[in-house]
Amino acid sequence: MPYIEAITAEDRQYVKRYILLQLVIAAYERDCRQIEENLKTPAPYVDTIKLAINRVWDDQKDIKNHFRSKGLKVYEQTNTQNGIHAKFMCRGYRSEMELRWEFITAEASVLMRKYLGLDVSKYENNAGPYEA
């Protein structure tokens, strides 16, 4: 019988991406509302953001497919003073992680630029969590 590792670094990266992409979608939706309320010609901006939201949803679907294939499930997320505390299961094993606000802010900012189609190469390093 092959050895099955409890929770891998890859599993943890998928959990981080899942949490971050939820936040990116929420930020885009909030920004769309602000733009619609405050600009005289919001349509081009809102359309651009909606295209980015669709790209995020495509990636989120891929992450959910990976979750299903690996038995991953985030079952609790709590906002804390320091960040987001998440509890998750993977192949029957329970684990937790905390993403600090500083990390969340920096990563979400890069992801938002990426999904808008901007060049994010200056923000990435070759050992980053988004390397497929």
Side-chain angles (χ1 to χ4, degrees):
M1 188 161 124
Y3 171 75
I4 298 174
E5 190 171 347
I7 299 174
T8 66
E10 179 188 34
D11 297 328
R12 289 183 175 282
Q13 291 300 336
Y14 271 92
V15 171
K16 285 179 190 176
R17 286 171 64 184
Y18 172 79
I19 293 167
L20 286 167
L21 292 185
Q22 288 178 330
L23 297 171
V24 167
I25 290 168
Y28 278 150
E29 289 173 346
R30 179 202 62 229
D31 292 348
C32 277
R33 285 190 302 275
Q34 289 289 318
I35 289 169
E36 287 171 335
E37 292 169 6
N38 295 302
L39 294 183
K40 289 186 180 188
T41 54
Y45 305 101
V46 170
D47 289 349
T48 301
I49 293 172
K50 286 183 178 180
L51 284 172
I53 291 172
N54 289 337
R55 290 183 196 114
V56 178
W57 276 117
D58 289 344
D59 282 356
Q60 195 72 312
K61 283 183 221 164
D62 291 342
I63 290 169
K64 287 190 174 229
N65 287 337
H66 181 84
F67 271 33
R68 271 191 292 285
S69 73
K70 300 293 183 177
L72 260 166
K73 180 179 180 170
V74 176
Y75 62 90
E76 186 178 316
Q77 278 182 233
T78 309
N79 288 358
T80 68
Q81 184 176 353
N82 296 324
I84 295 178
H85 185 85
K87 294 181 181 181
F88 63 97
M89 287 185 65
C90 184
R91 293 180 286 280
Y93 294 93
R94 294 182 184 269
S95 189
E96 301 178 18
M97 75 170 49
E98 178 142 354
L99 302 179
R100 299 190 60 84
W101 290 123
E102 298 84 3
F103 169 81
I104 292 168
T105 302
E107 291 295 314
S109 177
V110 172
L111 286 171
M112 290 178 80
R113 285 176 172 86
K114 172 188 162 194
Y115 288 109
L116 286 169
L118 302 174
D119 180 13
V120 295
S121 60
K122 68 180 178 182
Y123 302 106
E124 295 177 334
N125 64 34
N126 292 333
Y130 302 104
E131 303 299 312

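Here, residue 1 is the first one in the sequence, and each next residue gets the next number. Side chains included, hydrogens not; waters and symmetry mates left out as well; all remaining heavy atoms used.
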Open item on the list: Do the side chains of Asp58 and Lys61 get close enough for a salt bridge, i.e. N-O under 4.0 angstrom?
Closed with: yes
TODO: Among Lys40, Gln34, Glu36, find the residue that satisfies the side-chain hydrogen bond (donor to acceptor under 3.5 Å, both in side chains) test when tested with Asn38.
DONE: Gln34
Is a donor on one side and an acceptor on the other found under 3.5 Å between the side chain of [X] and the backbone of [Y]?
{"X": "Trp57", "Y": "Ala52", "answer": "no"}
{"X": "Tyr28", "Y": "Met112", "answer": "yes"}
{"X": "Ser109", "Y": "Ala106", "answer": "no"}
{"X": "Arg91", "Y": "Gly71", "answer": "no"}
{"X": "Asp11", "Y": "Thr8", "answer": "yes"}

Is there side-chain contact between [X] and [Y], with heavy atoms separated by less than 4.5 Å?
{"X": "Glu10", "Y": "His66", "value": "yes"}
{"X": "Lys114", "Y": "Asp59", "value": "yes"}
{"X": "Ile104", "Y": "Ile84", "value": "yes"}
{"X": "Lys87", "Y": "Val74", "value": "no"}

- [ ] Tell me whether Ile35 is reachable from Leu51 by hopping between hydrophobic residues (I, L, V, M, F, W, Y) whose side-chain heavy atoms are closer than 4.5 Å.
- [x] no
Open item on the list: With clusters defined by side-chain heavy atoms of hydrophobic residues (ILVMFWY) lying less than 4.5 Å apart, directly or transitively, does Met89 cluster with Tyr93?
Closed with: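 No, Tyr93 and Met89 fall in different hydrophobic clusters.
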Task: Donor-acceptor side-chain pairing of Asn82 and Thr80 below 3.5 angstrom - done: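 No pair is found: no donor N or O on one side chain lies under 3.5 Å from an acceptor on the other.
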Open item on the list: Ignoring hydrogens and geometry beyond distance, is a side-chain donor-acceptor pair present between Asp31 and Tyr45 at under 3.5 Å?
Closed with: no
- [ ] Could you walk me through whether Arg94 and Tyr75 pass the side chain to side chain contact (heavy atoms under 4.5 Å, CB included) test, one step at a time?
- [x] CA-CA 10 Å; Arg94 294 182 184 269; Tyr75 62 90; 3.2 Å; yes
Which atom pair, heavy atoms only, marks the closest approach of [X] to [Y]?
{"X": "Val120", "Y": "Val110", "value": "CG1-O, 3.5 Å"}
{"X": "Gly83", "Y": "Glu98", "value": "N-OE2, 3.8 Å"}
{"X": "Glu96", "Y": "Arg12", "value": "O-NH1, 3.5 Å"}
{"X": "Tyr123", "Y": "Asp119", "value": "CE1-O, 4.4 Å"}

Open item on the list: Under 6.0 Å between ring centres: does that hold for Tyr18 and Phe67?
Closed with: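 Yes - the distance between ring centres of Tyr18 and Phe67 falls below the 6.0 Å cut-off.
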